[in-house]
Engineer: 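Input: one structure, supplied below.
All values below come from the heavy atoms of this structure, side chains included, with hydrogens, waters and symmetry mates left out.
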Amino acid sequence: MTGLARSTVSQRIDTLKAAGLVVELEEAAPSTGGRPPSLLGFNADAGLVLVADLGATHSRVAVSNLLAEPIAETAAETHIDLGPAKVLSWLEKTFEDLLEEIGRPMSDVRGVGVGLPGPVDFARGMAVNPPIMAGWHLFPVGDHFRTRYGVPVLVDNDVNLMALGEYWVMAPKVEDFLFVKVGTGIGSGLILGGTLHRGAKGAAGDLGHVRTTSDEAVCRCGNNGCLEATAGGAAIAARLRDHGHVAADTRDVVKLVQKGNREATRAVRAAGRLIGQVLASTVNLLNPALIMIGGDLAKAEPQLLAGIREVVYQRSTTLSTTDLQITVSSLGDRAGVTGAGAMVIDHIFAPSAVDHVLAAAT
């Protein structure tokens, strides 16, 4: 299949086995006469990846194997606006605690992946003018962890990582899909042709700052009438509070909906319609096969998706919606850490990088 000499393939396999990346599996391949051939497989336990999905008010951190499967993980209430010094110090301590929990040394770590809830310059590994992340602008998150651990470190927008995580576990693969996170704010990750589309500066998918109404609600970006300012979880919670309901955040909104509160139910469905307006234009422009909704507000699935579907199917072209699916996230809260692991694994085992991995291992 490769056109390479048998000796060349054997030599490469020997190198991969010596590095611990390839192992002989216990089961043998079917015999075609004579001794059954041995089967080779990827050794997912040959290293670890440290991953974190940092949110505005809560985060998930994990230690994953080389298939992006969590070995140990934890979730915690966090506040990103405390600034990089405090948040990253907490993250380092959490990484150390998880490694200690599974009894693995730092030397087993092959890479680090971090998701941030704001615009990220992927090439430089830093947030750029993030609306809710005071003190994070141009802070070198990637360099910070690279100096600390001496391994490749990748930093991306949290919704991009959620899209990657869903694509990583998807079977069969949908090569063109849109992941939309609806939580405190609203954002999206684009998988086009099986590849994450970040755009020229990493700003692709900023769905929440598309103007949707003449509403004068001021968005955290400084503009008026943004989708996030009218349909995001924080905006819904604020309107419910104005009407006497206890709703500090998106999760409180979901609790009210699950308890059957009519006003909260109407508010979430109306938010779905507004989101659907923007998605209808996106469907006409990109023609995805799947739209996947995640984030805290997705837990009010029936009401939110009903509003989204109503408008998307009504306002998008017939051809673009013929086989379009609109579903909720399959991974839920784990989409971000799964995507962070997938991002790092794809990077360290890319054809351009794998020789460096082998040289370091041997």
Side-chain angles (χ1 to χ4, degrees), residues 53-56 113-133 136-138 141-142 154-168 170 173-212 219-223 225-229 231-232 274-295 298 308 312 316 320 324 326 329 331 335-336 338-340 342-344 346-347 350:
D53 179 15
L54 301 179
V114 180
L116 299 177
V120 172
D121 185 325
F122 178 74
R124 296 193 291 169
M126 58 181 64
V128 180
N129 293 317
I132 62 168
M133 300 172 62
W136 290 81
H137 175 57
L138 298 184
V141 178
L154 300 179
V155 182
D156 206 346
N157 171 267
D158 59 346
V159 193
N160 281 346
L161 295 186
M162 292 177 181
L164 275 177
E166 294 290 351
Y167 185 70
W168 182 263
M170 193 180 288
K173 300 291 187 191
V174 175
E175 299 298 311
D176 296 278
F177 86 93
L178 178 66
F179 185 94
V180 181
K181 178 187 177 184
V182 188
T184 302
I186 299 173
S188 69
L190 309 172
I191 301 290
L192 303 177
T195 302
L196 177 65
H197 179 73
R198 293 188 174 93
K201 290 291 184 180
D206 209 346
L207 204 71
H209 300 293
V210 176
R211 186 177 176 86
T212 56
C219 182
R220 57 186 179 174
C221 72
N223 290 320
C226 291
L227 178 64
E228 183 173 298
L274 285 173
I275 295 167
Q277 288 181 24
V278 177
L279 289 179
S281 299
T282 307
V283 167
N284 288 335
L285 184 66
L286 299 177
N287 188 206
L290 169 68
I291 295 175
M292 190 173 284
I293 310 297
I308 292 173
V312 169
S316 302
S320 65
L324 176 66
I326 302 177
S329 167
L331 289 172
T338 301
M343 173 179 67
V344 173
D346 276 345
H347 174 78

Engineer: Rounded to the nearest 0.5 Å, how far does NE2 of His137 lie from CG of Asn129?
Structural biologist: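 Atom-to-atom, Asn129:CG and His137:NE2 are 4.5 Å apart.
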Engineer: Quick one, Leu190 and Leu196 - any side-chain contact, counting heavy atoms below 4.5 Å?
Structural biologist: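 No, side chains not in contact.
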Engineer: May I ask you to decide if Ile186's main-chain N or O and Glu228's side chain share a donor-acceptor pair within less than 3.5 Å?
Structural biologist: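 The answer is yes, because a donor-acceptor pair under 3.5 Å joins these two groups.
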Engineer: Identify, with sequence neighbours excluded, every residue that meets salt bridge (Lys or Arg N to Asp or Glu O under 4.0 Å) alongside Asp53.
Structural biologist: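 For Asp53, no residue satisfies salt bridge (Lys or Arg N to Asp or Glu O under 4.0 Å) once neighbours in sequence are set aside.
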Engineer: Hey, what do you get for CG (Leu207) to CG (Leu178), rounding to the nearest 0.5 Å?
Structural biologist: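 These two atoms lie 7.0 Å from each other.
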Engineer: In Å and rounded to the nearest 0.5 Å, what is the OG to CG distance from Ser188 to Leu227?
Structural biologist: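 Answer for the OG-CG pair, Ser188 versus Leu227, is 10.0 Å.
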Engineer: What are the two closest heavy atoms between Ile132 and Ala56, and how far apart are they?
Structural biologist: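 In terms of heavy atoms, the two residues are closest at CD1-CB, 3.5 Å.
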Engineer: Which pair of non-hydrogen atoms, one from Val114 and one from Met343, has the smallest distance, and what is that distance?
Structural biologist: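 Looks like N-CE, 4.5 Å.
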Engineer: Does a salt bridge link Lys181 with Asp158, judged by any charged N lying under 4.0 Å from a carboxylate O?
Structural biologist: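 A salt bridge links Lys181 with Asp158.
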Engineer: If you compare all heavy atoms of Gly194 against all heavy atoms of Tyr167, which two are closest, and at what distance to 0.1 Å?
Structural biologist: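 Smallest interatomic distance, heavy atoms only, reads CA-OH, 3.4 Å.
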Engineer: Decide yes or no on side-chain contact (heavy atoms from CB on, under 4.5 Å) for Met133 and Leu116, but give the supporting numbers first.
Structural biologist: CA-CA 9 Å; Met133 300 172 62; Leu116 299 177; 4.1 Å; yes
Engineer: Quick one: are Val283 and Val312 in side-chain contact, heavy atoms under 4.5 Å?
Structural biologist: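 Result yes, sub-4.5 Å side-chain heavy-atom pair found.
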Engineer: Would you mind writing out the side-chain donor-acceptor pairs for residues 286-293 within the sub-3.5 Å range, not counting sequence neighbours?
Structural biologist:
none

Engineer: What are the two closest non-hydrogen atoms of Glu175 and Lys173, and how far apart are they?
Structural biologist: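 Heavy-atom minimum between the residues: OE2-CB, 3.3 Å.
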Engineer: Step by step, would you call Cys219 with His209 a side-chain contact (heavy atoms from CB on, under 4.5 Å)?
Structural biologist: CA-CA 8 Å; Cys219 182; His209 300 293; 3.4 Å; yes
Engineer: Applying salt bridge (Lys or Arg N to Asp or Glu O under 4.0 Å), can you list everything that pairs with Glu166, at least two apart in sequence or on another chain?
Structural biologist: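 In terms of salt bridge (Lys or Arg N to Asp or Glu O under 4.0 Å), with neighbours along the sequence ignored, Glu166 is linked to no residue.
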Engineer: With sequence neighbours excluded, tell me which residues meet salt bridge (Lys or Arg N to Asp or Glu O under 4.0 Å) with Asp206.
Structural biologist: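 Not a single residue meets the salt bridge (Lys or Arg N to Asp or Glu O under 4.0 Å) criterion with Asp206.
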Engineer: Once side chain to side chain contact (heavy atoms under 4.5 Å, CB included) is applied, do any residues pair with Pro119, and if so which ones, sequence neighbours excluded?
Structural biologist: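 Partners of Pro119 under the side chain to side chain contact (heavy atoms under 4.5 Å, CB included) test: Pro130, Pro131.
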Engineer: May I ask you to test the Phe179-Ile191 pair for a side-chain heavy-atom distance under 4.5 Å?
Structural biologist: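 They are not in contact (no side-chain heavy atoms under 4.5 Å apart), so the answer is no.
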Engineer: Rounded to the nearest 0.5 Å, what separation is found between the CG atom of Leu192 and the CZ atom of Phe177?
Structural biologist: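 Separation between the atoms: 10.0 Å.
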Engineer: Does Met126 form a side-chain contact (heavy atoms from CB on, under 4.5 Å) with Leu138? I'd like the steps, not just the answer.
Structural biologist: CA-CA 5 Å; Met126 58 181 64; Leu138 298 184; 3.6 Å; yes
Engineer: Looking only at heavy atoms, which two atoms of Val344 and Leu154 are closest? And how far apart?
Structural biologist: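 In terms of heavy atoms, the two residues are closest at CA-CD1, 4.1 Å.
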Engineer: Going through the checks in order, is the side-chain contact (heavy atoms from CB on, under 4.5 Å) test met by Leu161 and Leu164?
Structural biologist: CA-CA 5 Å; Leu161 295 186; Leu164 275 177; 4.2 Å; yes
Engineer: How close do Val182 and Ala231 get, heavy atom to heavy atom, and via which atoms?
Structural biologist: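 Where Val182 meets Ala231 most closely, the heavy atoms are CG1-O, 4.4 Å.
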Engineer: Using the side-chain hydrogen bond (donor to acceptor under 3.5 Å, both in side chains) criterion, which residues pair with Asp156? Sequence neighbours excluded.
Structural biologist: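 Expected list: Asn160, Arg198.
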